[in-house]
Amino acid sequence: LLAMGLFFQLQVRNVMQQQTMDRLENNAHAVAELANTYYSNDGSTDDFLLNISMSYRVTEMSSVICDLEGRLILCAENPLSCSHQGLVISDDFVEQVVSEKVIRSTGIIKGLYNESRNVVAVPIENNGRAIGIVITSMPISTELLAFNRLSQMYLIIAIIVVLLAVAVA
């Protein structure tokens with residue numbers, strides 16, 4: 001019973017991690033498309049800022065937009081007064097995002113967030129060429145909280161089953 005429970009927990013954790021990364025990637029592509037539309041159609045700055053801010057409020061995923069030099073130019077959380085504006089992301093990371101099209105990782109984004117996060121980065125493309133990148137992330141603690149609740153439920157159910165088995169025997 002215990003071995004089956006551990007296997008189940010590992011499987012659930014893997015599925016939750018995959019779903020989180022898929023949601024982050026979908027959001028990153030949506031923000032990249034939004035940015036591309038803004039750049040290619042000379043869209044309204046107000047509409048763009050409203051849409052990017054709305055994406056954060058709806059998804060609760062942090063997104064930042066960087067130019068090809070790695071300079072952070074916009075945060076979805078607070079587009080008008082982002083304290084991170086001007087932060088420079090590693091050139092190697094920007095080049096990797098542009099060449100691989102999608103980067104999925106877990107860790108700390110130095111200078112941007114202090115906690116460990118699930119991170120997905122995609123390029124912003126206009127007419128087939130990269131014009132910047134989007135980095136979308138969310139704290140791992142959010143995912144762990146849901147996983148811990150599931151683990152607690154499993155533990156309680158396992159204890160009840162063992163107690164019932166002892167009582168019946």
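All values below were derived from every heavy atom in this structure, side-chain atoms included, with hydrogens, water molecules and symmetry-related copies excluded. One is the number of the first residue; the rest follow in order along the sequence.
The closest side-chain heavy-atom distance from Ile135 to Ile89 is below 4.5 Å. Considering only heavy atoms from C-beta on, Ser137 stays 4.5 Å or farther from Met61 through its side chain. Residues His29 and Thr136 have side chains not in contact (no heavy-atom distance under 4.5 Å, counting atoms from C-beta outward). Met21 is listed as a side-chain neighbour of Thr106, based on a closest heavy-atom distance under 4.5 Å. Considering only heavy atoms from C-beta on, Ile65 stays 4.5 Å or farther from Leu72 through its side chain.
Ile108 and Val120 fall into different hydrophobic clusters, where Ile, Leu, Val, Met, Phe, Trp and Tyr side chains are chained together by heavy-atom contacts under 4.5 Å.
In plain terms, the two heavy atoms of Val94 and Asp67 that are nearest each other are CG1-O, 4.4 Å. Ile124 approaches Ala32 most closely through the heavy-atom pair CG2-O, 3.7 Å. In terms of heavy-atom proximity, Met138 sits nearest to Leu24 at N-CD2, 4.0 Å. Closest of all the heavy-atom pairs between Ser63 and Val134 is CB-CG1, 4.5 Å.
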**Study point:** Chi angles and distances behind the side-chain contact (heavy atoms from CB on, under 4.5 Å) call for Asp22, Arg104
**Key:** CA-CA 9 Å; Asp22 289 346; Arg104 291 177 170 215; 2.7 Å; yes
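Considering CD of Glu95 and OG of Ser90, their distance stands at 8.0 Å, rounded to 0.5 Å. Atom-to-atom distance recorded for Leu68:CG and Ile133:CD1 is 8.5 Å, nearest 0.5 angstrom. Remark: Ile103 CD1 to Glu25 CD distance equals 10.5 Å, nearest 0.5 Å.
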